Amino acid sequence: MLNVSDIPKKFEPGSVEARWYAYWEQNGFFHSTPDDREPFTVLIPPPNVTGVLHMGHMLNNTLQDVLVRRARMLGKNACWVPGTDHASIATEAKVVQKLRKDGIKKGDLTRDEFLKHAWAWTDTHGGIILKQLRTLGASCDWERTRFTMEPDLYDAVIDCFIELYERGHIYRGVRMINWDPEAKTALSDEEVLFKEVRAKMVHIRYACTDGSGDVVIATQRPETIMADVAVAIHPDNPKTAHLKGKTVRIPLINREIPIIEDDYVDPEFGTGALKVTPAHDRNDYEIGKRHNLEVIDILNADGSLNETAQILVGLDRFKARTEIVKLLEDGGFIAGVEEYTTNISVSERTDAVVEPRLSLQWFLDTKELSKPALEAVMSDEIRFHPPKFKNTYRHWMENIQDWCISRQLWWGQRIPAWFYGEGEQEYVICRTAEEALDKARAKSGNEKLTSADIRQEDDVLDTWFSSWLWPISVFDGFKDKDNADIRYYYPTNDLVTAPEIMFFWVARMVMAGYAFRGGVPFKNVYYTGIVRDKQRRKMSKSLGNSPDPLDLIAQYGADGTRAGMLFSSPAGNDLLFDEALVEQGRNFANKIWNAFRFITMQMEVGKTYTPTLDFDESNLADRWMRSRIMRTLKEVNQHFEDYRISDALQSLYSLVWDDFCDWYIEINKPDVNVERALGIFEVLMKMLHPMMPFITEDIWQRIRERSTSEALMISAWPELREDWISDDAEARLVLQKELISALRNVRAGKNLSPVAPLAIGLSVESDAQTTELERDLWIFRKLQKTSDLRIGTSLEKPKGSVSVVVRNVELMVSLDGLIDTEAEKTRINGEIQRLEGFLKSVQSKLLNSGFVDRAPADVVANERQKLADASQNIEKLRSILADLS
RNA sequence: GGGACGUUAGCUCAGUUGGUUAGAGCGCCACGUUGACAUCGUGGAGGUCGAUAGUUCGAGUCUAUUACGUCCCACCA
């Protein structure tokens with residue numbers, strides 16, 4: 001089965017990845033059903049249904065796959081549920097855009113017609129991203145793929161709405177909300193972003209009606225003066241005291257408005273007078289409420305001026321802004337214009353400048369729901385990785401506002417409210433029109449109501465109002481609150497997501513968890529960073545600085561790409577993506593490949609080899625190798641425990657490359673014990689599998705014939721053998737390594753061939769040490785060619801030799817004529833100087849009675865040992881120096 | 001305006017409860033084709049831990065102040 005000629009010099013990922021993925025999937029390894037094992041559940045943060053894979057997804061899903069694959073190997077029943085989100089605003093915007101291209105206006109379509117287009121769009125572009133995830137190696141349970149707009153999940157949202165309404169958490173009311181004039185819908189506070197811009201502050205004169213002069217008011221929104229209903233001053237401001245009780249005239253339209261007094265006004269700011277425009281400013285709305293002022297709305301839904309404005313009607317708000325400044329200038333109303341920097345709010349989805357707008361919307365009252373959700377995180381019932389995000393979470397939860405959940409869109413779950421009677425003021429909440437009719441009749445006492453009198457609310461629900469149910473709805477926990485799946489898989493284990501959606505999604509899922517299942521929806525949240533480029537710019541389509549993930553996989557292999565992403569992504573840290581990382585990942589895969597290739601080259605054709613971990617107790621290299629493996633396994637386990645995935649990979653990288661390839665194989669060359677090497681390989685492949693699934697499965701299957709049930713993907717994670725960890729073996733091998741490195745260093749310094757045989761002397765302290773060292777010296781001999789190797793306590797130093805002190809061994813290299821005495825002296829003097837500096841610091845510690853008295857005994861003993869060692873080595877170096885002259 | 005976090009080798013980051021003159025990976029420099037691998041090997045050069053002041057026998061590791069940076073939240077016209 002194993003034939004060297006089959007094994008190319010380079011690892012070729014393309015040919016094996018698709019094959020193994022199909023193998024895993026066809027054998028049902030991804031699929032999970034409840035059984036006696038401990039469940040391990042991960043839910044994919046559902047990407048937008050029509051989205052394509054970007055670097056953020058790559059990082060996020062690689063991490064999920066690593067966690068899931070490892071849990072599976074740990075014997076847990078791992079279930080990774082994939083799926084997509086209907087992304088209400090984003091998708092509707094895309095469909096509208098597409099229709100526009102085809103010459104169709106959304107307004108000309110009925111709701112049903114539009115939805116047909118939307119479904120067509122979803123069917124055409126939907127689910128691509130899930131296919132792409134397979135390329136990455138994601139071990140999702142595809143049979144469980146869900147979509148937030150599929151019937152069951154749609155129903156879940158409706159059930160949820162009805163239940164929350166009945167429990168009194170949902171209300172309908174007129175509030176100042178964020179209006180997106182582009183998408184023509186309300187937004188939640190979370191969907192609004194702040195953007196810093198340069199803007200003009202216009203100072204406008206309002207004339208007092210009594211002819212006593214002007215009031216100058218500063219505003220960055222001069223186009224809203226037609227909606228002004230008052231001018232406010234602070235009651236205690238002497239500067240504006242003379243204005244009390246007066247009225248002023250709005251420029252251009254000459255409407256008279258009163259001057260009112262309100263504490264909100266900052267006397268220090270600007271002129272101390274503020275125009276009050278309740279319809280178009282949150283604060284002004286509050287002031288207006290306090291003073292019982294009228295609300296004059298001069299804007300249309302699309303942000304253009306309406307009839308009420310009287311002037312500039314029909315003009316867009318931004319056009320109107322420049323136009324009105326001209327008019328004001330012409331009329332002599334401008335007192336000045338200054339540029340300044342300010343924050344404007346924009347829609348997260350459409351980038352349109354958000355308009356504060358008074359409107360009738362549906363809200364979720366979050367006061368009660370947020371309480372247990374806050375507690376769950378603060379008490380670490382849900383653990384955040386890294387924990388610093390607890391602060392952000394707490395801050396938000398403590399200041400949580402009611403959630404505006406209605407959207408003036410069609411693509412989404414339609415609110416199950418049914419209006420009857422005049423003016424849509426009366427409604428019932430229920431699932432169907434029939435039910436609504438009964439309820440409406442009962443509620444109104446009007447038995448004559450017919451289905452024609454009943455009309456369903458047009459609005460749909462915020463996308464996140466479906467996503468927040470994801471952990472429950474993917475297991476049909478609304479349809480059947482006690483079904484086998486949700487009993488078994490819920491609460492889920494790990495959630496991997498970006499901190500940007502902590503409020504949108506994480507916090508709300510926790511609230512939903514408590515609201516509907518009385519507990520947490522997951523136990524750990526791993527926050528990834530943002531994927532940025534080398535200049536720390538966020539990767540984005542518009543900047544064009546993002547590589548196509550699929551290109552990366554094609555070029556470097558899925559394993560290489562995954563490893564590359566994992567190399568540099570501690571939890572919560574941004575990933576500064578550099579193709580060099582992926583290159584490193586590919587190189588690592590290649591290194592593994594070639595180590596394996598080397599082993600196969602040692603095999604005889606036709607012979608059967610049984611991988612074994614039966615190490616040779618008498619062989620230091622073996623004892624060392626198995627110690628390194630187990631020590632690393634212990635580290636890796638701990639790293640996983642701590643969600644330090646990068647560190648886990650780093651440990652494995654070093655185990656494979658440094659310990660196994662650079663030392664174990666090198667020491668054993670040319671006749672490596674194949675069965676043992678294969679045994680080692682099996683352990684290594686297991687440990688690496690969660691991170692690099694393809695190459696590890698491929699090698700695993702090449703090591704020997706395996707039945708389906710023996711596939712690496714479903715094999716058991718290695719068992720930790722603490723008894724294999726040996727400080728003694730590791731210390732002894734380190735000494736050999738250091739002796740070898742020291743000699744290599746001498747060779748390099750003297751420009752000697754790495755393979756020229758040299759006469760070596762090793763001078764040690766005692767006969768016992770001679771015996772000890774001699775026992776392990778075969779390793780030194782294996783890796784360094786010697787013409788003569790002597791070891792002893794009183795070795796005579798050959799003429800013209802160079803000496804290096806390694807720990808407490810003096811390594812003497814006979815160089816016969818090649819030695820540059822002066823250079824040697826300089827080197828040794830430098831070494832002495834370094835040691836003396838060290839010695840001094842140790843001495844001063846030990847001379848300090850405070851240290852000796854108060855430091856723990858072992859620390860003091862350690863210092864004394866250091867003192868002794870350093871002094872001894874200095875002595876040695878001095879004698880070497882003396883010999884040189 | 002409030003808050004969180006960060007500042008350690010050229011770059012990206014580790015440094016657990018304060019105790020070896022600070023570590024890793026990548027990069028860099030030099031040498032190298034000893035038949036697994038040049039997607040490689042060997043060797044090497046690089047930091048005194050943002051600054052200041054404290055606590056302590058001892059501080060990158062604790063405290064305070066300060067500078068700079070990143071992010072989150074926030075209705076100042």
Side-chain angles (χ1 to χ4, degrees), chain A residues 4 7 9-11 176 194 201 217-221 232 264-266 268-277 281-286 342-343 345 356 386 388-392 394-396 399 499-500 502-503 530 534 536 556 560 567-570 572-576 578 580-581 583-602 642 644 646-647 650-651 653-654 661-662 665-666 669-670 741 744-749 751 753-755 785 834-835 837-842 844-845 848-856 858-860 862-863 865-866:
Chain A
V4 185
I7 302 191
K9 271 179 101 163
K10 289 179 183 175
F11 175 57
M176 204 69 172
F194 289 96
M201 181 76 87
I217 280 145
T219 179
Q220 48 171 318
R221 301 206 57 190
Y264 172 76
V265 181
D266 179 356
E268 303 304 314
F269 194 94
T271 59
L274 164 75
K275 79 188 199 67
V276 181
T277 321
D281 186 285
R282 275 169 189 275
N283 299 312
D284 293 8
Y285 177 68
E286 293 302 319
T342 185
N343 278 330
S345 34
K388 67 173 178 180
F389 286 116
K390 282 166 74 175
N391 288 317
T392 315
R394 186 187 59 210
H395 189 258
W396 188 77
N399 296 289
E500 327 170 75
M502 185 192 297
F503 310 136
I530 295 167
K534 275 185 281 187
R536 287 195 177 271
Y556 298 101
F567 273 131
S568 166
S569 54
N573 273 33
D574 286 354
L575 170 69
L576 265 53
D578 183 341
L581 286 171
E583 209 172 301
Q584 194 190 343
R586 177 205 55 186
N587 293 355
F588 184 38
N590 194 242
K591 185 71 182 179
I592 296 168
W593 184 253
N594 273 289
F596 180 67
R597 182 165 170 267
F598 174 72
I599 303 304
T600 63
M601 289 174 74
Q602 312 304 305
D642 299 337
R644 300 178 66 131
S646 288
D647 289 347
Q650 201 62 244
S651 292
Y653 184 81
S654 155
C661 293
D662 288 352
I665 292 184
E666 291 303 324
K669 267 182 187 174
S741 292
R744 281 172 177 163
N745 188 355
V746 170
R747 287 181 192 270
N751 255 323
S753 147
V755 289
K785 284 223 165 84
R834 193 185 63 81
L835 278 171
F838 176 65
L839 196 65
K840 227 171 119 182
S841 80
V842 177
S844 69
K845 258 190 213 174
N848 184 331
S849 60
F851 173 72
V852 181
D853 295 345
R854 305 171 82 161
D858 60 319
V859 173
V860 177
N862 194 15
E863 291 299 311
Q865 185 60 49
K866 288 193 307 202

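Every chain is numbered from 1, with letters handed out A, B, ... down the list of sequences. For clarity, every value in this text was computed on a predicted model and none was experimentally measured.
Counting heavy atoms from C-beta on, the side chains of A/Phe596 and A/Ile7 come closer than 4.5 Å. A/Phe588 places a side-chain heavy atom less than 4.5 Å from the side chain of A/Ile592. Side chains of A/Asn594 and A/Arg597 form a contact here, defined as non-hydrogen atoms less than 4.5 Å apart. Residues A/Leu581 and A/Gln584 are in side-chain contact: their nearest non-hydrogen atoms beyond the backbone lie under 4.5 Å apart. Residues A/Phe851 and A/Val859 are in side-chain contact: their nearest non-hydrogen atoms beyond the backbone lie under 4.5 Å apart.
Backbone-only contact: A/Asn391 has heavy atoms under 4.0 Å from sugar-phosphate atoms and none from a base. Residue-level contact check: A/Ala595 touches the bases, meaning some heavy atom is under 4.0 Å from a base atom. A/Asp284 comes within 4.0 angstrom of nothing in the nucleic acid, heavy atoms only. Nucleic acid contact class of A/Asn399 (heavy atoms, under 4.0 Å, all strands): none. A/Arg221 comes within 4.0 angstrom of nothing in the nucleic acid, heavy atoms only. Nucleic acid contact for A/Leu274: base, since at least one base atom lies under 4.0 Å from a heavy atom of the residue. Within 4.0 Å of A/Val860, counting heavy atoms only, lies no atom of the nucleic acid at all. No engagement by A/Gln865 is indicated, since no non-hydrogen atom pair under 4.0 Å with the nucleic acid exists. Within 4.0 Å (heavy atoms only), A/Gly270 reaches no atom of the nucleic acid at all. Using a 4.0 Å heavy-atom distance criterion, A/Ser741 is classed as a sugar-phosphate-only contact. Nucleic acid contact class of A/Pro856 (heavy atoms, under 4.0 Å, all strands): base. Counting non-hydrogen atoms under 4.0 angstrom, A/Arg536 reaches the backbone sugars and phosphates but no base. Counting non-hydrogen atoms under 4.0 angstrom, A/Arg586 reaches a base of the nucleic acid. Residue A/Glu286 is classed as having no contact, given no heavy-atom separation below 4.0 Å to the nucleic acid.
A/Phe598 carries A/Lys669 over the face of its six-membered ring, with the cationic atom under 6.0 Å from the centre and within 45° of the normal.
Pairing partner, B/C68: B/G6, with both Watson-Crick or wobble hydrogen-bond distances short of 3.5 Å. B/C76 is unpaired under the criterion used here, namely a Watson-Crick or G-U wobble arrangement in which both key atom distances are under 3.5 Å. B/U39 is unpaired under the Watson-Crick or G-U wobble criterion, no partner having all donor-acceptor distances under 3.5 Å. When both distances must be under 3.5 Å, the Watson-Crick or G-U wobble mate of B/U33 does not exist. Nucleotide B/G25 is matched to B/C11 when pairs are restricted to Watson-Crick or G-U wobble geometry with both distances under 3.5 angstrom. The partner of B/C49 is absent, by the rule that a Watson-Crick or G-U pair needs both atom distances under 3.5 Å. Both distances falling under 3.5 Å, in either a Watson-Crick or a G-U wobble arrangement, place B/C62 opposite B/G54.
In the set B/G2, B/C13, B/U12, B/U12 carries the atom at the smallest distance from any side-chain atom of A/Ser568. The side chain of A/Arg744 lies closest to B/U42, out of B/A36, B/U39, B/U42. In the set B/C37, B/A74, B/C76, B/C76 carries the atom at the smallest distance from any side-chain atom of A/Asp266.
Comparing the C1' positions of B/A53 and B/A67 gives a spacing of 15 Å, expressed to the nearest Å. Taking the C1' atom of each, B/U55 and B/G15 are spaced 22 Å apart, rounded to whole Å. Remark: the separation of the P atoms in B/A14 and B/G6 is 10 Å, to the nearest Å. Rounded to whole Å, the C1' atom of B/A51 lies 38 Å from the corresponding atom of B/G43. To the nearest whole angstrom, the two C1' atoms, one in B/G27 and one in B/C11, are 7 Å apart. Comparing B/G23 with B/C72, their P atoms are spaced 36 Å from each other, to the whole Å. To the nearest whole angstrom, the two C1' atoms, one in B/U16 and one in B/A22, are 15 Å apart. Separation of the P atoms belonging to B/C49 and B/U8 is 11 Å when rounded to the nearest angstrom.
One donor-acceptor pair, N or O on each side, does fall under 3.5 Å between the base of B/A36 and the side chain of A/Glu666. For A/Lys388 against B/C5, a side-chain-to-base donor-acceptor contact under 3.5 Å is absent.
Taking side-chain N and O atoms only, A/Asn745 has a distance below 4.0 Å to OP1 or OP2 of B/G44. Note on A/Lys669: a side-chain N or O is less than 4.0 Å away from OP1 or OP2 of B/A36. Within the 4.0 Å cut-off from OP1 or OP2 of B/G3, not a single side-chain nitrogen or oxygen of A/Arg394 is found. Between B/A24 and A/Tyr653, no contact under 4.0 Å exists linking OP1 or OP2 to a side-chain N or O. Within the structure, every side-chain polar atom (N or O) of A/Lys591 is placed at least 4.0 Å from both OP1 and OP2 of B/A38. One finds a side-chain N or O of A/Lys9 lying less than 4.0 angstrom from the OP1 or OP2 phosphate oxygen of B/C37. Taking 4.0 angstrom as the limit, A/Thr342 places a side-chain polar atom (N or O) nearer than this to OP1 or OP2 of B/A77. Applying the 4.0 Å criterion to OP1 and OP2 of B/C40, one finds that A/Asn587 has a side-chain N or O inside that range.
Whole-Å rounding puts the A/Met176 CE to B/C75 P distance at 12 Å. Between the P atom of B/C37 and the CG atom of A/Asp662 lies a distance of 14 Å, rounded to the nearest Å.
Within 6.0 Å of NZ on A/Lys866 lie more than 12 heavy atoms contributed by other residues, nucleotides or ligands. For A/Lys534, the NZ atom sits in a loose shell: 12 or fewer heavy atoms of surrounding residues, nucleotides or ligands are nearer than 6.0 Å.
The glycosidic torsion of B/G46 lies within 90° of 0, which places this base in the syn conformation.
Listed for the A/Ser654 side chain is no donor-acceptor partner under 3.5 Å among the backbone atoms of A/Gln650.
Residue-to-nucleotide proximity on RNA chain B shows that, of A/Lys10 and A/Gly837, the 5′-proximal contact is made by A/Gly837. Of the two residues near RNA chain B, A/Ser849 and A/Ala748, the one whose nearest nucleotide lies more 5' is A/Ala748.
The aromatic rings of A/Phe11 and A/Trp593 lie tilted to each other, with the angle between the two planes from 30° to 60°.
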